[in-house]
Amino acid sequence: MSSPPDAADGRAAPESPAAPRKTRRAALAAVALAAVAAGAVVGWRRFELSEADIGSFWDRSFPTPDGSTLALAPLRGRPLLVNFWATWCPPCVEELPLLSAFYTENKANGLQLVGLAIDKAEPVSRFLARSPVSFPVALAGMEGVELTRELGNAAGGLPFSVLFDAGGRLRERKLGQLHEADLTAWRAGLQT
């Protein structure tokens with residue numbers, strides 16, 4: 001690339017040392033922007049919910065921390081919110097008090113809530129001793145991760161919550177922490 005002649009003596013003016021740096025910065029910025037966009041697309045697809053298969057959902061049973069069994073079949077016939085969580089998952093632990101309060105407020109209206117821990121009995125028992133909840137908790141272990149995938153959570157991420165209506169149909173799903181606005185909207189959706 002030639003430089004325009006210098007007006008004073010007719011010779012070409014030397015290129016500014018900043019010009020190649022600006023070009024390099026622009027190229028790096030374009031590459032970085034493309035990488036961010038690609039990462040966003042991959043991330044979005046990874047956490048996007050897929051089609052749910054609830055075929056065997058109601059046939060399952062899980063052990064509870066106290067050694068009994070929680071069967072899902074008897075819970076069919078009334079709205080059921082199922083929350084998949086783990087003691088080692090900060091957003092899961094953070095949403096549990098909200099879920100506990102929501103259950104306490106709504107159980108008289110027929111709403112059921114079950115926490116399925118993707119965890120082992122000992123850590124769940126220790127956690128519940130320190131931070132009790134008002135709803136039943138069962139131990140889904142690694143089988144619970146597969147169940148979340150069947151319910152449309154392709155990533156198997158936590159927390160993951162699903163809401164079934166009284167007819168046993170899947171009405172709502174959320175991958176990520178629930179908030180009061182989510183629960184309020186879900187409760188209103190059950191009444192329509």
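- Checked against ring pair (Phe, Tyr, Trp, His ring centres under 6.0 Å), W88 has no partners two or more places apart in sequence or in another chain.
- Side-chain heavy atoms closer than 4.5 Å link hydrophobic residues (I, L, V, M, F, W, Y) into clusters, and following such links, possibly through other members, connects I54 to F62.
- For S68 against D66, the heavy-atom pair with the smallest separation is OG-OD1, 2.8 Å.
- Note on residues 86-192: pairs passing disulfide (SG to SG under 2.5 Å), not counting sequence neighbours, are C89-C92.
- Applying the side-chain hydrogen bond (donor to acceptor under 3.5 Å, both in side chains) rule to E150 yields the partners R60; only residues at least two apart in sequence or on another chain are considered.
- Screening residues 182-192 for salt bridge (Lys or Arg N to Asp or Glu O under 4.0 Å) gives E105-R187, K174-D182 as the qualifying pairs, with residues at least two apart or on separate chains.
- Distance check, rounded to the nearest 0.5 Å: CZ of F160 to CD1 of I118 gives 10.5 Å.
- One finds the CD atom of E172 at 11.0 Å from the OG atom of S161 (value rounded to the nearest 0.5 Å).
- For the disulfide (SG to SG under 2.5 Å) condition, no pair includes a residue of residues 149-192, sequence neighbours left out.
- Take D165 and apply the side-chain contact (heavy atoms from CB on, under 4.5 Å) test, not counting sequence neighbours, and it matches R169, R171, L190.
- The stretch residues 78-95 participates, sequence neighbours left out, in no salt bridge (Lys or Arg N to Asp or Glu O under 4.0 Å) pair at all.
- With values rounded to the nearest 0.5 angstrom, F57 atom CZ is found 4.0 Å from F164 atom CZ.
- Once rounded to the nearest 0.5 Å, the distance linking CD of Q177 with CG of L96 reads 9.5 Å.
- The backbone N or O of L111 sits nowhere less than 3.5 Å from a side-chain atom of N106 that would complete a donor-acceptor pair.
- Listed by first and then second residue, the disulfide (SG to SG under 2.5 Å) pairs involving residues 99-162 amount to none (not counting sequence neighbours).
- Looking only at distances, no side-chain donor or acceptor of S125 sits under 3.5 Å from a matching main-chain atom of E122.
- Hydrophobic clustering, with ILVMFWY side chains joined whenever heavy atoms are under 4.5 angstrom apart, keeps L170 apart from L113.
- For F102 and W186, the ring centers sit 6.0 Å or farther from each other.
- Note on F84 and L49: same hydrophobic cluster, where clusters join Ile, Leu, Val, Met, Phe, Trp and Tyr whose side-chain heavy atoms are under 4.5 Å apart, directly or indirectly.
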Just do the side chain to side chain contact (heavy atoms under 4.5 Å, CB included) check on W85 and L99 with the steps written out, would you? CA-CA 12 Å; W85 68 285; L99 288 169; over 6 Å; no
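- Annotation: disulfide (SG to SG under 2.5 Å) contacts involving residues 142-192, sequence neighbours excluded, are absent.
- From T64, atom OG1 reaches atom CG of L70 across 7.5 Å, with rounding to the nearest 0.5 Å.
- Side-chain N or O atoms of T184 include one that pairs as donor or acceptor with a backbone N or O of E180 at under 3.5 Å.
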List the atom pairs, donor and acceptor, that lie under 3.5 Å between side-chain atoms in residues 128-138 and the rest of the protein, sequence neighbours left out.
unit_1, atom_1, unit_2, atom_2, d
S134, OG, S100, O, 2.8
S134, OG, S100, OG, 2.9
S134, OG, T104, OG1, 3.1

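- Residues satisfying the side-chain hydrogen bond (donor to acceptor under 3.5 Å, both in side chains) test with R76, not counting sequence neighbours, are none.
- Residue D59 holds its CG atom at 9.0 Å from CG of L72, rounded to the nearest 0.5 Å.
- No more than 12 heavy-atom neighbours from other residues, nucleotides or ligands sit within 6.0 angstrom of CD on E51.
- Partners of E146 according to the salt bridge (Lys or Arg N to Asp or Glu O under 4.0 Å) rule, which considers only residues two or more places apart in sequence or in another chain, do not exist here.
- When the side chains of ILVMFWY residues are joined at heavy-atom separations under 4.5 Å, either directly or via intervening members, V93 and L98 end up in a single hydrophobic cluster.
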Step by step, would you call L116 with T148 a side chain to side chain contact (heavy atoms under 4.5 Å, CB included)? CA-CA 10 Å; L116 292 179; T148 70; over 6 Å; no
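- Put simply, V82 and L151 are part of the same group of oily side chains (I, L, V, M, F, W, Y) that touch within less than 4.5 Å, one to the next.
- When all heavy atoms are compared, the tightest approach of L158 to A86 is CD1-CB, 3.9 Å.
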